[in-house]
Amino acid sequence: MDTEFKSFFDAAPPLRDSLDVSRKVKEFIDQNSQLSGKGRPIRVVCVTSGGTTVPLEQRCVRYIDNFSSGHRGAVSTEYFLKAGYAVIFLYRRGTCQPYCSFLPEDSLLECFDLTEESNVQARPQHTEALKRAIRDHHAAVEEGLLLKLPFTTIFEYLQILQIVAISMRGLGSHGIFYLAAAVSDFYVPWESMEEHKIQSATGPLDMRLAPVPKMLLVLREVWAPTAFCISFKLETDQNILLKKAHMALRKYNMHVVVANELSTRKEEVIVVTSDEEITVHRENQVEEVEKPLIDLLVQKHSAYIEQSKHDSSN
Ligand code: PMT
């Protein structure tokens, strides 16, 4: 591993519960790499979701954050489950969860009433959506197809991603990484971080942020070299979006880069591969852009599995 990556991991605060995370991931993968009922090995996708924080103090009071709501990752998880995948959902604590995007933003309590007998009852306008969400969520959990792993900081995110990626190596081409998390580009290295709360009385704050090593290449080449890798490219300037997506595709050797622009990300994305650019639109107000996106990515993944089989038989 490159010294840049090694020094990031060596200096990072140790992941709490790392043994527990490793055990859960291993059990989930072992259980799901058995043959599925349909007689084919099940496919496993790691969906990353939400933004990573950058702590400014070791006993963290303040941190740098970003806009990501986790909606993309949560809704994509639902469609991957529907397509028969087992999903490792690596998500930022407190962000959007699978099967919850229909809930009112202000309060879950808006969905319910109390009856005269003090029982909880869904309000009629929410009943159908609640039933569907409960049914689908419980089915995914009971069938052992959904493993949720939370992170908050950039340190936790990259350490858990490494555990998951190395554990998924044995799945070969049946594994996918769908990297929708908005990962911090700059951070304060742990060893140069203040231990205690920074005092405001000392005047203006000067702080030097170091670049976070891009883990995409190490994921692709070292951690899980045969998995199908999809990364995202987010820009606010439409004019540079595709150019940057193609650069990322080449530089990090991704199979697919999904390009999106901040303000239109819920309506349209562009799926970029080495030989095509496919624009995917939200088809109507009921279904989300993730539906046609995941349909297309599942097709591309199937083609990748076939190609890998063909390559290994030659
Ligand atoms: O969560 P939502 O509100 O629904 O929004 C969804 C989204 C816009 C966050 C999502 O669609 C998206 O674009 N996610 C990636 C955002 C991002 O970090 O883009 P980037 O261009 O800075 O990074 C490109 C890729 O490199 C990403 O796949 C990221 O996981 C990866 N990366 C980034 C920084 C870093 N230090 N290491 C990385 O591996």
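As the structure lists them, so they are numbered: ligands from 1, and atoms in each ligand from 1.
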Nearest protein heavy atom to [atom], by residue and atom, and its distance?
atom	value
atom 2 (P) of ligand 1	Ser69 OG, 3.5 Å
atom 5 (O) of ligand 1	Arg265 NE, 3.1 Å
atom 39 (O) of ligand 1	Leu216 CG, 3.5 Å
atom 13 (O) of ligand 1	Asn260 ND2, 3.0 Å
atom 23 (O) of ligand 1	Lys214 NZ, 3.6 Å
atom 14 (N) of ligand 1	Ala180 O, 2.9 Å
atom 28 (O) of ligand 1	Leu179 O, 3.0 Å
atom 22 (O) of ligand 1	Asp185 OD2, 3.8 Å

- Query: Does CZ belonging to Phe102 count more than 12 external heavy atoms closer than 6.0 Å?
  - Reply: yes
- Distance-only polar pair, side chains of Thr48 and Tyr178, donor-acceptor under 3.5 Å: no
- Message: Side chains of Asp275 and Thr273 only: does a donor on one sit below 3.5 Å from an acceptor on the other?
- Response: yes
Against heavy atoms of [X], which atoms of ligand 1 measure under 4.0 Å?
X	value
Lys233	20 (P), 21 (O)
Ser68	1 (O), 2 (P), 3 (O), 9 (C)
Met215	37 (N), 39 (O)

Hey, are [X] and [Y] close enough for a salt bridge, meaning a charged N less than 4.0 Å from a carboxylate O?
X	Y	result
Glu283	Lys291	no
Arg72	Glu290	yes
Glu194	Arg59	no

- Task: Let me see the working for Arg43 and Ser302 under side chain to side chain donor-acceptor pair (under 3.5 Å), right down to the final yes or no.
- Result: CA-CA 10 Å; Arg43 300 170 182 191; Ser302 301; 3.1 Å; yes
- Evaluation steps, salt bridge (charged side-chain N to carboxylate O under 4.0 Å, His left out), between Lys197 and Glu57: CA-CA 6 Å; Lys197 183 182 171 203; Glu57 298 121 345; over 6 Å; no
Would you indicate which of [options] comes nearest to [atom] when only heavy atoms are counted?
atom	options	value
atom 35 (C) of ligand 1	Val75, Thr48, Ile154, Val183	Val183
atom 15 (C) of ligand 1	Ser184, Ala181, Cys229, Ser231	Ala181
atom 27 (C) of ligand 1	Phe232, Tyr252, Phe186	Phe232
atom 19 (O) of ligand 1	Leu234, Val212, Asn66, Thr95	Leu234

- Task: Check whether any side-chain N or O of Thr52 sits under 3.5 Å from a backbone N or O of Ser184 as a donor-acceptor pair, and report yes or no.
- Result: yes
- Message: If we ignore hydrogens and angles and just use 3.5 Å, is the side chain of Arg92 paired with the main-chain N or O of Gly70 as donor and acceptor?
- Response: no
- Message: Tell me if the aromatic rings of His126 and Phe112 count as close, with their centers under 6.0 Å from one another.
- Response: no
- Ala182 N/O under 3.5 Å from ligand 1 N/O: no
- Query: Below 3.5 angstrom, do we get any N/O pair linking Arg72 and ligand 1?
  - Reply: yes
